[in-house]
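Counting starts at 1 for both ligands and their atoms, in listed order. Residue numbers start at 1 and run along the sequence shown.
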Amino acid sequence: MVVRIALMSVILVGGSPGTGKTKVAKILGSKLSVEVISLGDFADESGCVKTEDRARKTGIINEDCLVDALLDLTDNKIRRMIIEGHYIDLVPSSSVQWVFILRTHPEILRARLSERNYSREKVIENVEAEVIGVCQMDAIDAFGETKVFEIDTSDLSAPQTVEKIEELMKTKSSHDRIDWMSLLEEEGRLDEFLTD
Ligand SMILES: Nc1ncnc2c1ncn2[C@@H]1O[C@H](COP(=O)(O)OP(=O)(O)O)[C@@H](O)[C@H]1O
Ligand SMILES: [Mg+2]
C-alpha cells in the first residue's frame, strides 16, 4: 500500500493568460529560494500533452495524466515549491498551502494579449474568462476560500506584485474579491468585453 503524506508545501500562482504568472512566480522563487514549476512545461515533460490543436495553436492537456504526475510531484515532499500556470486546480489540494490568483483589468489584459500576437478569438475568449473570474472561481472550488488570495496587478509591476504576495504570506490580511463584471456593469461597459 502506498501511503501518501501531504505536507502543504506548495505555493500556487494562477490567473488568466497574460496576468503575469510566469514572471511573478520566477521573481518570487528567487526571493524565497524555492523551485518554480511551470505547469505547461511540466505537463509537456510528463508526456501529458496530446496532439496539437492546430486551429487554436495549443496542445491538449490530458488531465488524468497531469493529475497523476502532480500527485507524484507533490507526494511526500518536505521542500517547498511554487507551481504556476493555468491548470493549478489539478494540483492535489492537500499539498497546497497558498493560492495567489493574479487579476488584471480586462482592458489592460486585452492590450497585453493583443501585443502577444494572440488571435482575435483567443484574446476575446481569455478576456471574457477574466471578466467572469473563471480562474478565481475554480481555485476557490478546488482549494477553499481561506487559501485563495486575489491580487489586482493592474497598477503593479511584477516586483510590486511579489511584494504584495510576501506581505499576504506574513499577514494573511486580505481576502479581497475582485469582480470585474460588477465594475464594468456599473460603468455601463460590460458589452465591450462580453460577446453573447
Ligand atoms: N504587473 C505585472 N506583473 C506581471 N507581468 C506584467 C505586469 N505588467 C506587465 N506585465 C507583462 O505581462 C506579460 C505577461 O506576463 P507572463 O508572466 O508571461 O504572464 P502569464 O504567465 O500569466 O501568461 C509580460 O510581458 C510581462 O512583462
Ligand atoms: Mg506563463
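By the definition of a contact as any protein heavy atom under 4.0 Å away, atom 25 (O) of ligand 1 is not in contact.
To the nearest 0.5 Å, the span separating CH2 on W98 from CG on L28 amounts to 11.5 Å. Rounding to the nearest 0.5 Å places CH2 of W180 at 3.5 Å from CG of D152.
Listed by chain and residue number, L90 satisfy the side-chain contact (heavy atoms from CB on, under 4.5 Å) test with V67 (two or more places apart in sequence, or in another chain). Under the side-chain contact (heavy atoms from CB on, under 4.5 Å) criterion, H86 pairs with P17, C135, not counting sequence neighbours. Residues satisfying the side-chain contact (heavy atoms from CB on, under 4.5 Å) criterion with S30, sequence neighbours excluded, are absent altogether.
The minimum heavy-atom distance between E130 and T19, with the atom names listed, is OE1-CG2, 4.3 Å. In this structure, L184 and P106 approach most closely via the heavy-atom pair CD1-CG, 4.0 Å.
Ligand 1 is never approached by A25 to a heavy-atom distance shorter than 4.0 Å. At least one heavy atom of G18 sits less than 4.0 Å from an atom of ligand 1.
Where the criterion is an N or O separation shorter than 3.5 Å, residue side chain and backbone included, L156 meets it with respect to ligand 1.
With contacts defined as side-chain heavy-atom distances shorter than 4.5 Å, the pair I140/R177 qualifies.
Protein N/O/S atoms closer than 2.8 Å to the Mg ion (ligand 2): T22 OG1.
A salt bridge is defined here as a Lys NZ or Arg NE, NH1 or NH2 lying under 4.0 Å from an Asp or Glu carboxylate O, and R103 with E150 meets this definition.
The nearest non-hydrogen atom to atom 7 (C) of ligand 1, considering only K23, H86, R112, comes from R112. Closest to atom 18 (O) of ligand 1 by heavy atom, among R116, K21, E115, K26, is R116.
Among all protein heavy atoms, the one lying closest to atom 5 (N) of ligand 1 is G20 CA, 3.6 Å. In this structure, atom 21 (O) of ligand 1 lies nearest to the protein heavy atom T22 OG1, 2.7 Å.
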